[in-house]
Amino acid sequence: MAAVIRNLIRNKTLNKLTNIESTPIRCYASANRVKPFKKVGVSDKARNDARAAEMRSSGAAEDATLMVGQQIKSVGQSLASRGYLRPSKPYSPPEDVKQTVLELAKSNNIGNPKQKFASNQQKFDFLAACFSTFKHGVPNSRLHELNSVEDAVEFYSTPVDTTLPLDAMKTVELPENLYIQHEYIRFHPETDTMFGGKSAFPKSSTIVTGLKYKNKYKGHVAKKSWP
């Protein structure tokens, strides 16, 4: 209301001084009520989003490459750590293994033992004949290493021992201060009577859950004074 009264008084004063009809001037009580119009600038959001997506895709590709490399490396370490635990059959080469392999090569029309196989079919037929003779096959992981008859002679001249190192120590003469206990001992109050059938862990039970050792080792359920 105060603003309207001020506008009327100012218009009358100007008309008296100039005797000219002028356009009414509108004044506001506070300049803060009118906010200046701000022109919205067009940002380059699309370009920034495309660049970010490109960076993410390149980073994902690098991460995928690193992940594949790590997986291959972990698989190699797993295969290397298995060692003697691989499922393989024992093999002892005969005395005339070299002569037998060379005769099998001649029967398959292979003259030079150092020359590579002419084709995959020739290699297959030769290795199949060796398997029938020695009853010892070449594993898939080593097929790429046997490229000639000479490689086959080296392979069939190498014995394969599947005895576990722990079992092999049973026949080895150990030092006097070293003793290996091959069968572990389970506590049972009926058989371990040295301390009156008492265990160092009176509240712990020794339960045998495996089917393989259930008949070999007797389980024991400890008595508890509280639930």
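- Closest heavy-atom contact between Ala222 and Pro202: CB-O, 3.3 Å.
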Could you go through Phe134 and Leu104, starting from their C-alpha distance and side-chain angles, then the distance that decides it, and tell me whether this counts as side-chain contact (heavy atoms from CB on, under 4.5 Å)? CA-CA 11 Å; Phe134 298 103; Leu104 292 173; 4.3 Å; yes

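- In Glu145, the CD atom is crowded: over 12 heavy atoms of neighbouring residues, nucleotides or ligands sit closer than 6.0 Å.
- Side-chain contact between Tyr179 and Leu174 is absent, with no heavy-atom pair separated by less than 4.5 Å.
- The shortest non-hydrogen separation linking Cys130 to Tyr156 is CB-OH, 3.5 Å.
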Worked check of side-chain contact (heavy atoms from CB on, under 4.5 Å) between Ile110 and Phe117: CA-CA 8 Å; Ile110 303 174; Phe117 296 110; 3.8 Å; yes

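- Note that the CG atom of Asp125 and the OG atom of Ser119 stand 8.0 Å from one another [nearest 0.5 Å].
- Between atom CD of residue Glu95 and atom OG of residue Ser157 there is a gap of 12.5 Å, rounded to the nearest 0.5 Å.
- Within a 6.0 Å radius of CG in Asn120, no more than 12 heavy atoms belonging to other residues, nucleotides or ligands are found.
- Among all heavy-atom pairs drawn from Lys89 and Thr162, the shortest one is C-CG2, 3.8 Å.
- The NZ atom of Lys170 sits 9.0 Å away from atom CG of Leu164, with the distance rounded to the nearest 0.5 Å.
- Residues Thr206 and Tyr217 form no side-chain contact, since every pair of their non-hydrogen atoms from C-beta on lies 4.5 Å or further apart.
- Within a 6.0 Å radius of CG in Leu211, other residues, nucleotides and ligands contribute 12 heavy atoms or fewer.
- Here the closest non-hydrogen pair linking Lys98 and Val153 is CG-CG1, 3.8 Å.
- Open room surrounds NZ on Lys223; 12 or fewer heavy atoms of other groups in view lie less than 6.0 Å from it.
- Panel note: side chain His220, backbone Ile207; no donor-acceptor pair is recorded below 3.5 Å.
- To the nearest 0.5 Å, atoms CD (Glu173) and CG (Leu178) are separated by 12.0 Å.
- For the pair Thr191 and Lys218, the minimum side-chain heavy-atom distance is 4.5 Å or more.
- Within 6.0 Å of CG on Asn140 lie no more than 12 heavy atoms contributed by other residues, nucleotides or ligands.
- No path of Ile, Leu, Val, Met, Phe, Trp and Tyr side chains, each step under 4.5 Å between heavy atoms, connects Phe131 with Val97, placing them in separate hydrophobic clusters.
- Ala152 approaches Val101 most closely through the heavy-atom pair CB-CG1, 4.4 Å.
- Atom CG in Leu102 sits 9.5 Å away from atom CD in Glu150 (nearest 0.5 Å).
- Phe155 and His136 have parallel rings, their planes meeting at less than 30° on a 0 to 90° scale where 60° marks the start of perpendicular.
- Counted within 6.0 Å of CD on Gln181, heavy atoms from surrounding residues, nucleotides or ligands total more than 12; the atom is thus considered enclosed.
- The structure places NZ of Lys116 at 12.5 Å from CG of Leu146, a figure rounded to the nearest 0.5 Å.
- Within 6.0 Å of CD in Glu103 there are more than 12 heavy atoms belonging to other residues, nucleotides or ligands.
- Atom CG of Asp96 has more than 12 heavy atoms from other residues, nucleotides or ligands within 6.0 Å.
- The minimum heavy-atom distance between Asp151 and Asn147, with the atom names listed, is OD2-N, 3.1 Å.
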